[in-house]
Amino acid sequence: MKTSKINEPITNAPILFEENLSLPEISYYAKHSGRFSYPDDPELDGIHIHDDYEIYVHVNGNGAFLVDNNVYPLHRGDVILTKPGDVHVFIVNDASMTEYFCLWLSPACGSRLLAFTHGDGFCPHLTFSEEIGEQLLRLLHRITVEDDRPWELEKISTVLQIVLLLADRTVHTPHAPLPLPEEMKRIIEYVDREFRHISGVGDIATHFNISPATLNRRFRQYIHVSPQEFVKAKRLAFAKKLLDSGA
């Protein structure tokens, strides 16, 4: 007959596991938009920043997205994920029917649920398979459709499903930005580095030995915003960063 030693584990004893889970308040705003748009459409948002985390999901239209210093092409189901303070703008390449979903999470909510966006090597442009992309669009439709039913809990559950898809690196891949001419890359890098000291467009033009008209034309051609708008957005983003740090 086998006897147990005093320190031998009792294999049939229940194994207990304890974990404290503290979820943030799910604070979000969702929007679905579909309208005919064209380059320089005054109804479109200009280059900007905001306090929230923004999840943009492309449905239709020939467009691209500028995030900080890179321009990303867009296809159906693609996601652009921007953090508070990221300089960004949606670009319409030609006259077309443009459709998209946007989901905004509050800073407190987004910093918890989208913490992966602050990791090394994070790319704001995510591309999914057609199947996963369509699943993402269905989830977004579920939280933007107008319905009088009291299903807020179901909508919150849907938001969490969307976040899980975005966080799962096995179902999406980062997309490389569109290539820019070397001179344009140097101009953008210069503005990004010196925006605090640039007093006007003339400073940039002089530094690169080109006319202000040529500078404006190249900005419009490659990133679809004026150099003045780009410098202003960089300054606002930096001011927000200082304010958030207590300055």
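In this chain, residues are counted from 1 in sequence order. What you see is a predicted model; the values in this text were computed from it and never measured.
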If you look at every heavy atom in [X] and [Y], which pair is closest and at what distance?
X      : Y      : value
Phe36  : Met97  : N-SD, 3.6 Å
Leu103 : Ala30  : CD1-CB, 4.0 Å
Leu139 : Thr158 : O-CG2, 3.2 Å
Pro39  : Val92  : CG-O, 3.5 Å
Ala205 : Leu215 : N-CD2, 4.0 Å
Gly77  : Phe128 : O-CD1, 3.7 Å

Looking at residues at least two apart in the chain, or sitting in another chain, which of them share a ring-ring contact (aromatic ring centres under 6.0 Å, His included) with Tyr29?
-> Trp104
Mind checking what makes ring-ring contact (aromatic ring centres under 6.0 Å, His included) contact with Phe208, not counting sequence neighbours?
-> Tyr190
Among side-chain atoms of Ser226 and Glu229, is any donor-acceptor pair under 3.5 angstrom?
-> yes
Cut-off 3.5 Å, side chains only: do His125 and Asp78 have a donor facing an acceptor?
-> yes
I would like to know whether Asn69 and Lys234 meet side-chain hydrogen bond (donor to acceptor under 3.5 Å, both in side chains); could you show each step before the answer?
-> CA-CA 10 Å; Asn69 300 333; Lys234 289 290 182 179; 2.8 Å; yes
Side-chain heavy atoms under 4.5 angstrom apart, residues restricted to Ile, Leu, Val, Met, Phe, Trp, Tyr: same cluster for Tyr72 and Leu126?
-> no
Heavy-atom side-chain contact between [X] and [Y] under 4.5 Å:
X      : Y      : result
Tyr28  : Cys109 : no
Leu180 : Ile188 : yes
Ile55  : Val79  : yes
Leu114 : Leu105 : yes
Ser37  : Leu44  : yes
Phe65  : Val71  : no
Glu154 : Arg142 : yes
Ile49  : Lys240 : yes

Would you please test Asp86 and Lys83 for salt bridge (Lys or Arg N to Asp or Glu O under 4.0 Å) and show each step?
-> CA-CA 6 Å; Asp86 284 350; Lys83 306 181 295 297; 3.5 Å; yes
So, [X] side chain and [Y] main chain: donor-acceptor pair closer than 3.5 Å or not?
X      : Y      : answer
Arg235 : Phe195 : yes
Thr144 : Leu140 : yes
Asp41  : Glu43  : yes
Asp203 : Ile198 : no

Short N-O contact, Glu130 and Arg76, less than 4.0 angstrom | no
Do the charged groups of Arg35 and Glu99 touch, with an N to O distance under 4.0 Å?
-> no
Measure the acute angle between the ring planes of His58 and Phe90, then classify it against the limits of 30° and 60° as parallel, tilted or perpendicular.
-> tilted
Test side chain to side chain contact (heavy atoms under 4.5 Å, CB included) on Val57 and Tyr100 and set out the steps.
-> CA-CA 6 Å; Val57 185; Tyr100 62 88; over 6 Å; no
Members besides Leu243 in its Ile/Leu/Val/Met/Phe/Trp/Tyr cluster (side-chain heavy atoms under 4.5 Å) = none
Asn216 and Gln228: side chain to side chain contact (heavy atoms under 4.5 Å, CB included), yes or no, with the steps?
-> CA-CA 9 Å; Asn216 187 73; Gln228 295 97 323; 4.0 Å; yes
Could you please spell out the steps behind the side chain to side chain contact (heavy atoms under 4.5 Å, CB included) verdict for Asp94 and Tyr38?
-> CA-CA 5 Å; Asp94 57 29; Tyr38 53 91; over 6 Å; no
Trace of the side chain to side chain contact (heavy atoms under 4.5 Å, CB included) decision for Tyr56 with His88 | CA-CA 11 Å; Tyr56 170 97; His88 61 283; over 6 Å; no
Taking atom NZ of Lys232 as the centre, does the number of heavy atoms from other residues, nucleotides or ligands within less than 6.0 Å exceed 12?
-> no
Inter-residue atom distance Asn62.CG - His75.NE2, 0.5 Å rounding = 8.5 Å
Gap between atom NE2 of His172 and atom OG1 of Thr127 - 0.5 Å precision = 10.0 Å
His141 and His32: aromatic ring centres closer than 6.0 Å?
-> no
